[in-house]
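Given the structure is predicted, the values throughout are model-derived calculations rather than measurements. Chain letters run A, B, ... following the sequence lines, proteins first and then strands; every chain starts at 1.
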Amino acid sequence: MTQDVTIFYFAALREQMGREREAVSLPASPMTVDALIQGLRRQDSVMDEVFAASPRLRVAINQTLATFQDTVKPGDELAFFPPMTGG
Amino acid sequence: MTQDVTIFYFAALREQMGREREAVSLPASPMTVDALIQGLRRQDSVMDEVFAASPRLRVAINQTLATFQDTVKPGDELAFFPPMTGG
Amino acid sequence: MLHSPEPRVLVQEDLFDMGAEMTRLSTGAPGTGGISVFMGQVRGGPDGLESLTLEHYPGMTEKVLTDLAASAMERFSLLGCTLIHRVGTLAVGAPIVFVGTASAHRAEALAGTHFLIDRLKTGAPFWKCEQYQDGRRVWVEARDADDKAAASWD
Amino acid sequence: MLHSPEPRVLVQEDLFDMGAEMTRLSTGAPGTGGISVFMGQVRGGPDGLESLTLEHYPGMTEKVLTDLAASAMERFSLLGCTLIHRVGTLAVGAPIVFVGTASAHRAEALAGTHFLIDRLKTGAPFWKCEQYQDGRRVWVEARDADDKAAASWD
């Protein structure tokens with residue numbers, strides 16, 4: 001089992017991040033989305049700035065809406081995106 | 001100016017009356033729909049029975065919904081019918 | 001204020017073309033963001049209903065529907081409104097009525113359509129007579145629920 | 001209990017055929033008495049909007065829409081449900097979304113369609129980017145009114 005999780009970015013967030021997906025390794029398991037993101041932001045100044053400027057970001061775990069307090073496991077697919085504007 | 005008014009009957013009421021329209025003379029003017037109908041029912045036993053058995057009848061004067069207390073004038077077009085069931 | 005086309009009101013025996021009516025609503029006025037449609041048809045069931053005959057009051061029907069459409073245009077700031085009601089004998093499954101509205105934002109179109117079909121049911125001079133497979137003919141009785149729905153918009 | 005067909009959920013670049021979709025809903029289940037449809041399109045205006053680009057999250061979109069359709073079928077006792085959402089670049093006036101429901105009586109179809117479009121707006125992973133005639137690109141911001149409309153069905 002890989003320790004990696006895949007992260008997708010959508011819409012304005014994708015453009016601000018300058019990438020639409022990446023694989024990151026999970027430093028511990030289980031851990032919350034929030035803890036994972038805090039760690040990544042310390043290593044990546046672009047991500048730190050973009051996430052700081054996006055207070056209403058949504059997260060999905062394995063294509064289901066989740067919260068930043070939900071748990072990430074190895075192999076999960078994460079996605080971050082702005083509030084949805086369909087219809 | 002004629003003293004006649006035309007009366008139309010629709011739907012179940014038309015079938016019960018056995019006619020779809022008739023011309024009646026207005027005994028006085030102005031008079032209410034109710035007064036006109038009371039007079040007609042005294043002369044017409046079919047009408048008397050049918051109207052007695054139809055407590056929810058609606059009336060229109062000149063193709064506009066009205067009440068039995070509204071006034072009929074010479075030349076008016078009256079119509080009586082059961083509650084409407086369109087759509 | 002954007003120009004809105006006149007309401008389209010038709011009483012006819014012929015079937016209507018739902019796709020063409022929707023396209024007409026969606027392209028009728030600049031600034032249209034959404035259209036809402038309700039279509040009612042003859043509902044079949046286990047009771048052996050074969051067809052409905054729709055009777056109406058020619059002249060008054062068109063007047064009532066035109067007034068109803070105008071009041072919906074005004075009340076819900078509509079950019080388009082279509083009311084089509086069939087008359088004559090219609091088999092189970094046949095379309096009876098088409099109500100459609102266009103507006104800038106969805107809330108107005110959705111409310112306008114709901115208002116129109118509720119009011120049309122009890123306020124326009126149409127009457128339904130049911131024909132059954134066993135030969136019975138039954139005039140449809142007005143439903144209290146329909147009166148309540150119509151009155152909810154007062 | 002009448003059999004209801006599975007909801008029809010499509011995410012596609014192509015235009016949908018509104019007339020064909022309405023016919024499918026109206027003939028999909030015996031006992032259908034009415035169908036209700038909402039169609040949303042790219043709204044033009046005086047601000048020089050030229051087109052919208054609709055981005056989505058493939059996989060999650062279909063899942064969310066399928067769950068949404070199933071919950072509407074259950075909640076409103078629907079006899080049919082269709083959700084079609086386009087993606088890609090769509091010019092002013094182009095249809096974006098088709099929501100349709102079928103039911104025995106009108107109230108359920110009307111409520112079902114209203115529920116579906118309100119929930120779809122804020123709950124399905126679509127995002128709109130506006131392109132203007134002067135070259136500006138603007139990501140559409142979520143509206144509080146849409147969140148409130150979606151929450152009104154909680």
Side-chain angles (χ1 to χ4, degrees), chain B residues 2 4-24 26 32-34 36-37 40 46-47 49-87, chain C residues 9 11 38-43 52-68 83-88 90 95-99 113-130 137-151:
Chain B
T2 172
D4 283 1
V5 300
T6 308
I7 304 182
F8 288 88
Y9 305 102
F10 288 99
L13 185 70
R14 173 178 51 73
E15 294 183 348
Q16 290 153 0
M17 290 292 289
R19 52 192 187 261
E20 63 177 53
R21 62 180 291 172
E22 62 189 318
V24 303
L26 206 59
T32 64
V33 173
D34 200 51
L36 173 63
I37 288 301
L40 294 171
V46 170
M47 185 171 183
E49 264 178 50
V50 168
F51 274 59
S54 308
R56 298 181 65 198
L57 281 188
R58 304 286 195 263
V59 60
I61 303 176
N62 297 326
Q63 306 191 350
T64 298
L65 271 186
T67 74
F68 282 72
Q69 277 63 57
D70 284 319
T71 301
V72 191
K73 302 179 310 299
D76 278 352
E77 175 178 311
L78 288 191
F80 296 95
F81 40 79
M84 296 163 276
T85 57
Chain C
V9 173
V11 180
F38 177 79
M39 188 280 285
Q41 64 186 18
V42 184
R43 184 177 60 254
L52 284 183
T53 298
L54 264 294
E55 177 172 330
H56 78 124
Y57 183 175
M60 179 169 168
T61 314
E62 291 79 356
K63 203 158 114 170
V64 168
L65 295 184
T66 301
D67 288 352
L68 191 56
L83 291 180
I84 308 176
H85 204 297
R86 295 177 73 192
V87 292
L90 304 172
I96 303 170
V97 61
F98 179 97
V99 174
T113 295
H114 204 151
F115 165 85
L116 284 163
I117 187 65
D118 279 352
R119 284 289 177 89
L120 184 157
K121 282 253 170 190
T122 61
F126 293 103
W127 301 273
K128 291 188 184 114
C129 185
E130 299 171 334
R137 291 177 70 250
V138 181
W139 287 97
V140 173
E141 297 276 336
R143 298 167 61 227
D144 286 343
D146 286 334
D147 286 331
K148 288 205 182 80

Chain B contact via C:R143 - side chain, backbone, both or neither, heavy atoms under 4.5 Å: neither
Polar side-chain atom of C:T113 near backbone of C:F38 as donor-acceptor pair, under 3.5 Å: no
Full working for side chain to side chain contact (heavy atoms under 4.5 Å, CB included) between B:L57 and B:Y9: CA-CA 10 Å; B:L57 281 188; B:Y9 305 102; over 6 Å; no
Region of C:D147 that comes under 4.5 Å of a non-hydrogen atom in chain B: side chain
Minimal non-hydrogen separation, C:T61 against C:H56, with atom names: OG1-ND1, 2.8 Å
Chain B contact via C:Q41 - which portion, at a heavy-atom distance below 4.5 Å: neither
B:A60, part contacting chain C, at a heavy-atom distance under 4.5 Å: side chain
Part of C:K121 within contact of chain B (heavy atom distance under 4.5 Å): both
Smallest separation among heavy atoms of C:T122 and C:A150, with atom names: OG1-CB, 3.3 Å
Interface residue of largest heavy-atom contact number with chain B, from C:E141, C:M60, C:K63, C:R137, under 4.5 Å: C:M60
Side chain C:D67, main chain C:V64, donor-acceptor under 3.5 Å: no
